[in-house]
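Here is the structure we will look at.
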Amino acid sequence: MPVPTNPPCARFIPAPPTEEDLEWAPLPIIDFSQAATPEGLARIAPQVCNAMRTYGFLYIVNHGYTNAQNERIFDIADAMFTKVTDDEKKRLVADFKKTGSYRGYKARQTWDISDGVRDQIEQYSLHCTVTDPEIQEHPRAIEPFLPELRAFTEHNYYHVMHPLLRMLAQGMELPEETFVHLHNFGSPTETSARMMKYYPRLAEEEARTNNVWLKGHTDIGTITILWSQPVSGLQILCPDGKWRWVRHIDNALTVNIGDSMEFLSGGYYKATIHRVRQPPADQAGYARLGVFYFGMADDDVVLRPRMESPMLQRVGVAARFDLAHAPTMLQYRTGVTSAYGVSKLSKRDDGHEEEVIHGVVVKHFN
């Protein structure tokens, strides 16, 4: 029987890692091969939960994809920008201001960054089901890769996100499947894979934005998975108030929690502020290709703290909104998505900006 082969795809050649001596965030590295058994999951859970209570970020290695599979996903991601015509990108553009969904393309210079400077980020978002034409149409050049992309979204969903959700439940002394039951692959949800390509900017734009490519923010959903790539740019705001860089590790994942998990945990886990800034000088001129997986709870989930948690009963709730009027996942994600980068923000005394989405104060850090 012939061995099935994947359709050809042009090889994406990534930039070499930076050699600059940057101040790196001291994030733990989790060996995810241990998550395959209940005993191993229980062993690494305390480290995962502690990271999500402090830095809100961690690295994962041995997650189940080989180096070759990793490289293949980046090849396909780059094809979404290099092999699709401008006309087809325009036809499949996401009308996020109307729908509250990034499903489809976003063109460069859509979002306002600062001082009249607009973004240089092109992106394509795929609903996690990938292959359902009733949910999303894809560009013709990408259709041969849809089975691989569906396998990729399922891997992130079941083999990375679900084990993490089980560990976060354990950390709150909840039944292990508490958060998993709020994330169902076949239910209405906006869990998605997203490919983002950051292009270099003019020196004048760098000066006017203080080298910030994407403002400091927290993510909307529950779990964000970033497939590590070598162009440095991601920084997190550490507990001591300093911005530090996130290091590239070959075939590793950088994982953080978003607002929705902070809400569901009553503040027990922290959605950490992060931003993207200009890469170091030895990577100037390179585009930054990112592959992400944004996990979200089902649309009908009310983002209210799990008060049945014994741990939460002991430490108390740190709420960011009136718990009697907690938004659903659908309300919160569509509200933030439709407003991001296009709405008028209120300036604070400290120079940062904010807006209120369904009773939640959403901050943007300059």
Side-chain angles (χ1 to χ4, degrees), residues 14-36 40-71 73-74 77 152 155-168 170-171 193-194 196 214 218-219 221-240 242-258 261-262 269-277 279-280 283 288-295:
T18 181
E19 295 184 0
E20 292 198 19
D21 184 21
L22 303 177
E23 188 172 3
W24 303 106
L27 306 179
I29 301 174
I30 308 297
D31 179 0
F32 228 55
S33 64
Q34 298 187 63
L41 194 82
R43 276 196 300 273
I44 61 176
Q47 193 177 9
V48 167
C49 295
N50 181 65
M52 294 313 190
R53 280 183 53 73
T54 53
Y55 284 91
F57 273 74
L58 52 78
Y59 302 113
I60 286 176
V61 296
N62 300 323
H63 46 71
Y65 256 41
T66 65
N67 285 335
Q69 288 174 303
N70 183 315
E71 291 172 358
I73 288 298
F74 278 88
F152 176 73
H155 179 78
N156 281 273
Y157 205 98
Y158 293 113
H159 300 291
V160 182
M161 186 172 72
H162 273 193
L164 286 167
L165 293 172
R166 291 186 179 101
M167 287 185 270
L168 295 176
Q170 285 186 12
R194 187 179 306 164
M196 301 178 71
L214 194 63
T218 52
D219 290 341
T222 50
I223 302 284
T224 299
I225 303 165
L226 166 64
W227 288 68
S228 191
Q229 56 76 44
V231 179
S232 296
L234 178 61
Q235 293 183 322
I236 68 172
L237 189 60
C238 293
D240 62 2
K242 291 185 177 180
W243 290 102
R244 292 187 175 87
W245 299 80
V246 173
R247 186 190 300 272
H248 166 60
I249 302 174
D250 283 339
N251 197 23
L253 311 177
T254 301
V255 175
N256 63 280
I257 66 164
M261 180 54 68
E262 180 173 327
Y269 301 119
K270 308 296 182 186
T272 294
I273 299 156
H274 53 287
R275 69 182 183 185
V276 178
R277 60 157 293 151
Q283 294 182 320
R288 180 177 183 267
L289 179 63
V291 174
F292 300 80
Y293 196 77
F294 289 97

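Only a predicted model underlies this, so the values are computations on that prediction, with no experimental measurement involved.
The main-chain N or O of Ile249 is found under 3.5 Å from a side-chain atom of Ser228 such that the two form a donor-acceptor pair. Side-chain atoms of Glu20 do not come within 3.5 Å of backbone N or O of Leu22 as any donor-acceptor pair. Gln229 places no side-chain N or O within donor-acceptor distance of the main-chain N or O of Pro14, the cut-off being under 3.5 Å. Side-chain atoms of Thr272 come within 3.5 Å of backbone N or O of Tyr55 as a donor-acceptor pair.
A distance of 11.0 Å separates OG1 in Thr224 from CE in Met261, rounded to the nearest 0.5 Å. Rounded to the nearest 0.5 Å, atoms CG (Leu253) and OH (Tyr65) are 11.0 Å apart. Here Asn62 contributes atom CG and Ile29 contributes atom CD1; the two are 10.5 Å apart, rounded to the nearest 0.5 Å. The structure places CG of Asn256 at 9.0 Å from CD1 of Ile236, a figure rounded to the nearest 0.5 Å. Separating the CE atom in Met161 from the OG1 atom in Thr222 is a distance of 6.0 Å, to the nearest 0.5 Å. Between atom CD1 of residue Ile60 and atom OG of residue Ser33 there is a gap of 11.5 Å, rounded to the nearest 0.5 Å.
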Applying side-chain contact (heavy atoms from CB on, under 4.5 Å), run through Trp245 and Gln235 and close with a yes or a no. CA-CA 4 Å; Trp245 299 80; Gln235 293 183 322; 3.2 Å; yes

Before giving the answer on side-chain contact (heavy atoms from CB on, under 4.5 Å), spell out for His274 and Asp219 the whole-Å C-alpha distance, their side-chain angles and the decisive distance to 0.1 Å. CA-CA 9 Å; His274 53 287; Asp219 290 341; 3.1 Å; yes

Applying side-chain contact (heavy atoms from CB on, under 4.5 Å) to Trp227 and Asn156, what does each step give before you reach the verdict? CA-CA 10 Å; Trp227 288 68; Asn156 281 273; 3.0 Å; yes

If you apply the rule side-chain contact (heavy atoms from CB on, under 4.5 Å), what do you find for Asp250 with His248, and how did you get there? CA-CA 7 Å; Asp250 283 339; His248 166 60; 2.9 Å; yes

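Contact annotation: the side chain of Leu41 approaches that of Pro163 to within less than 4.5 Å [non-hydrogen atoms, C-beta and beyond]. Side-chain contact between Met167 and Ile44 is present, with heavy atoms from C-beta onward closer than 4.5 Å. Counting heavy atoms from C-beta outward, Arg53 and Tyr269 have side chains that approach closer than 4.5 Å. Side-chain contact between Phe57 and Leu234 is present, with heavy atoms from C-beta onward closer than 4.5 Å. Tyr293 has its side chain out of reach of Ile223: every pair of non-hydrogen atoms, C-beta onward, lies at least 4.5 Å apart. Using a 4.5 Å heavy-atom threshold, the side chains of Tyr157 and Ile225 count as separate. Under the 4.5 Å side-chain criterion, counting only non-hydrogen atoms from C-beta, His159 is not in contact with His63. Put simply, the side chain of Tyr59 reaches to within 4.5 Å of the side chain of Arg247, judged on heavy atoms.
Residues Gln69 and Gly64 come closest through the heavy atom pair OE1-O, 3.9 Å. Of all heavy-atom pairs spanning Thr218 and Ala271, the tightest one is CG2-O, 3.3 Å. Residues Ala45 and Gln170 share a closest heavy-atom pair of CB-OE1, 3.5 Å. Contact record, Val231 with Arg288: O-NE, 3.2 Å, taken as the closest heavy-atom pair.
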